[in-house]
Amino acid sequence: MIDLRSDTLTRPTEAMRAAMAAAEVGDDVYGEDPTVNALEERVAALFGKEAAVFTPTGSLANVLAVASVVEPGQEVLCEASAHIARAELGAHGAVTGVTMRTWRHPSGAPDHEQIADMLAPDMGPYFVATAAISVENTHNFAGGTVTDIEDLRRLRSFADEAGVAVHVDGARLWNAHVATSTPLSAYGEVADVLAVCLSKGLGAPVGSLMVGTAEAVATARVRRKRLGGGMRQVGILAAAGLHALDHHVERLAEDHAHARLLAEALGVDPATCPTNIVVAQRPDAPAFVARAAEAGVRISAVGPRTVRAVTHLDVSRAQAEKAAGVLASL
Ligand SMILES: *Cc1c(COP(=O)(O)O)cnc(C)c1O
């Protein structure tokens with residue numbers, strides 16, 4: 001089986017396991033795990049931010065990040081197929097009392113006109129107050145699409161004029177960075193707060209971070225503990241993240257090249273697949289997925305007519321070529 005369902009499926013490499021086994025640890029709830037501290041400091045510095053906090057999942061990093069800029073009863077604006085809207089099981093409403101309104105864009109990007117029409121930063125006791133705009137980069141369900149840094153800069157100045165915050169769901173911001181050579185610090189400049197994952201293309205078994213101001217991160221530590229996300233000798237996992245940052249960022253370019261092979265096989269313009277995710281339309285997505293599985297290739301149906309294939313660390317060039325052949329034959 002060649003498994004292209006998700007880049008979360010990667011298993012830690014031998015070298016990553018060795019780094020994990022050798023990690024120096026302490027009690028992170030006491031702030032005494034040196035490896036977690038090193039990871040948090042390193043990731044904050046990469047984005048030019050004051051601080052970062054390690055979380056078990058990207059969903060928790062997003063919940064903490066959005067809650068740091070949106071009070072209960074206020075709203076965040078996001079794209080209709082954003083992970084925060086579709087795939088976090090309503091956490092922002094159920095847990096932190098954040099409401100959402102969505103714009104639609106075929107590639108998941110911020111649509112400045114729609115956003116301008118939706119914005120209601122402070123309309124007194126009549127309308128929900130917009131407190132933040134969220135951008136997902138790369139965009140998962142739109143097919144690993146990248147929002148250009150110039151677009152993000154325009155959004156930033158627009159948000160500044162309106163007095164609202166910018167959140168970046170950067171679960172795969174590393175892929176955007178590698179695909180466009182945009183420095184990570186540039187993403188830090190356009191966002192008040194970010195969430196990034198180590199457990200996707202970077203290949204760590206677990207781990208994400210929320211990145212922002214020292215004050216926002218201090219509050220996030222309280223919320224993380226409240227929600228049951230305070231972890232103890234978790235340097236074992238942070239070591240996997242540090243190893244991934246050292247060894248698995250630049251190689252994402254290989255995943256992107258493999259995804260272009262799959263795009264061609266699925267009849268999708270490779271120019272619309274800049275990173276490691278290929279989304280294609282099929283009249284009956286579950287049936288197509290079942291036939292692919294019979295032929296030895298696992299992909300996902302992410303909608304009744306939408307299939308998704310994702311390349312990652314555990315898919316070699318030869319496997320990508322083989323999977324492309326199978327998908328083309330279907
Ligand atoms: C995977 C993902 C997350 C976080 O997911 P978890 O499974 O909670 O780690 C957040 N945003 C996007 C866009 C994702 O693809």
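First listed ligand is number 1; within each ligand, the first listed atom is number 1.
Residue contacts with ligand 1 do not include H139, since none of its heavy atoms lies under 4.0 Å from the ligand.
Taking a cut-off of under 4.0 Å to the non-hydrogen atoms of N62, the atoms of ligand 1 that pass are 10 (C), 11 (N). In the vicinity of R172, heavy-atom distances shorter than 4.0 Å reach the ligand 1 atoms 14 (C), 15 (O). Every atom of ligand 1 with a heavy atom of T57 under 4.0 Å away is listed here by number and element: 8 (O), 9 (O).
Looking at R86 and E136, no side-chain N of the basic residue comes within less than 4.0 Å of a carboxylate O on the acidic one, giving no salt bridge. Residues D28 and R224 are paired through a salt bridge, judged by an N-O separation under 4.0 Å between the basic side chain and the carboxylate. Between D255 and R260 there is no salt bridge, since no side-chain nitrogen of the basic residue lies less than 4.0 Å from a carboxylate oxygen of the acidic one. Using a cutoff of 4.0 Å between basic side-chain nitrogens and carboxylate oxygens, E150 and R154 are not scored as salt-bridged. Salt bridge absent: D7 and K200 never bring a charged side-chain N and a carboxylate O closer than 4.0 Å.
No N or O atom of A171 sits closer than 3.5 Å to an N or O atom of ligand 1. Between S208 and ligand 1, no pair of N/O atoms sits closer than 3.5 Å. The shortest N or O to N or O distance between E136 and ligand 1 is not below 3.5 Å.
For E24, the CD atom is loosely surrounded, since the number of other residues' heavy atoms within 6.0 Å does not exceed 12.
When the heavy atoms of R86, E88, K200 are ranked by distance to atom 2 (C) of ligand 1, first place goes to K200. If you check each of D169, L198, T8 against atom 11 (N) of ligand 1, the one with the closest non-hydrogen atom is D169.
From the protein, the heavy atom lying nearest to atom 8 (O) of ligand 1 is S59 OG, 2.6 Å. At the shortest separation from atom 9 (O) of ligand 1 among protein heavy atoms lies G58 N, 2.8 Å. Remark: minimum distance from atom 10 (C) of ligand 1 to any protein heavy atom is reached at H83 ND1, 3.4 Å.
Checking side-chain atoms of Q319 against main-chain N and O of S316 turns up a donor-acceptor pair under 3.5 Å.
Applying the ring-ring contact (aromatic ring centres under 6.0 Å, His included) test to pairs two or more places apart or on separate chains, those with a residue in residues 210-251 are H243-H247, H243-H248.
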